[in-house]
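Report on the following structure.
We count residues from 1, following the sequence as given.
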Amino acid sequence: VAFGQYEASVDAILYEYDPDFRRRRTKERLKSEQTLGAAIRRLRKQRSLRRDDFKPLAAKTLARIEQGIVKSVHAKTLQTIARILGVKPEEIQTY
C-alpha cells in the first residue's frame with residue numbers, strides 16, 4: 001500500500017491499527033516458536049506465574065532467557081526454573 005511517499009505492507013498497517021489482528025499474529029508467532037525461552041514462557045503463562053515468582057532468579061534474567069537473548073542457560077538456573085514450573089529440566093523443551 002502506498003500513500004504518497006509513505007509505503008507499508010497491509011500486515012504492518014493491520015498490526016498497528018487492528019487489535020484483533022495483532023492478537024492473532026502474536027498468538028501464531030508464539031505458537032510457532034520452538035526455542036527453550038518460548039517453552040519456558042508458555043509454561044509460565046499456563047501456570048499463571050509472573051517473572052517475579054522465580055526467586056532467586058532475577059525477573060530480568062528470566063525475561064532475557066524467554067526472549068532468546070541468553071542462548072546458553074546454566075544447569076543450576078534451568079533446575080530452578082523447572083522446579084518452580086513443576087517439571088523436570090529435560091521436559092521443558094517439550095512444551
Side-chain angles (χ1 to χ4, degrees):
V1 177
F3 298 106
Q5 292 181 338
Y6 179 78
E7 199 172 310
S9 70
V10 173
D11 282 354
I13 295 169
L14 287 172
Y15 192 87
E16 184 70 28
Y17 295 103
D18 185 353
D20 292 329
F21 180 82
R22 188 170 38 249
R23 275 191 288 277
R24 283 193 311 273
R25 291 298 290 229
T26 301
K27 192 173 185 179
E28 290 169 5
R29 179 181 53 81
L30 292 175
K31 191 174 184 180
S32 69
E33 288 183 354
Q34 299 300 316
T35 63
L36 174 65
I40 291 170
R41 180 176 46 244
R42 282 191 293 273
L43 273 169
R44 179 176 60 79
K45 289 189 176 218
Q46 284 175 3
R47 286 155 173 69
S48 301
L49 295 170
R50 297 173 308 150
R51 289 181 179 137
D52 292 334
D53 296 332
F54 287 78
K55 302 286 182 204
L57 194 62
K60 188 174 183 175
T61 301
L62 186 61
R64 294 179 73 216
I65 293 169
E66 288 181 354
Q67 294 164 4
I69 296 169
V70 174
K71 302 293 182 194
S72 176
V73 181
H74 294 287
K76 187 174 179 181
T77 302
L78 192 57
Q79 288 173 349
T80 301
I81 292 170
R83 179 179 46 78
I84 294 169
L85 291 172
V87 297
K88 296 177 183 173
E90 60 273 7
E91 293 177 341
I92 291 176
Q93 193 74 37
T94 65
Y95 285 89

Those residues that, when tested against [X], pass side-chain contact (heavy atoms from CB on, under 4.5 Å) (two or more places apart):
X: Thr35; result: Ala38
X: Gln46; result: Leu43, Tyr95
X: Ala63; result: Arg51, Gln67

Can I get a per-line list of side-chain donor-acceptor pairs under 3.5 Å for residues 68-91, giving both atom names and the distance, sequence neighbours left out?
residue : atom : partner : partner atom : Å
Lys71   : NZ   : Gly68   : O            : 2.9
Thr80   : OG1  : Lys76   : O            : 3.0
Glu91   : OE1  : Lys88   : N            : 3.2

TODO: Could you tell me which residues satisfy salt bridge (Lys or Arg N to Asp or Glu O under 4.0 Å) with Asp53, sequence neighbours excluded, listed by chain and number?
DONE: Arg50
Task: salt bridge (Lys or Arg N to Asp or Glu O under 4.0 Å) involving Asp20 - partner list, sequence neighbours excluded - done: Arg23
Open item on the list: Determine whether a donor-acceptor pair (N or O, by modelled atom type, separation under 3.5 Å) exists between the side chain of Gln34 and the backbone of Gln93.
Closed with: no
Open item on the list: Looking at every non-hydrogen atom in both residues, tell me the closest pair between Ala59 and Asp52 and how far apart they are.
Closed with: CB-OD1, 3.3 Å
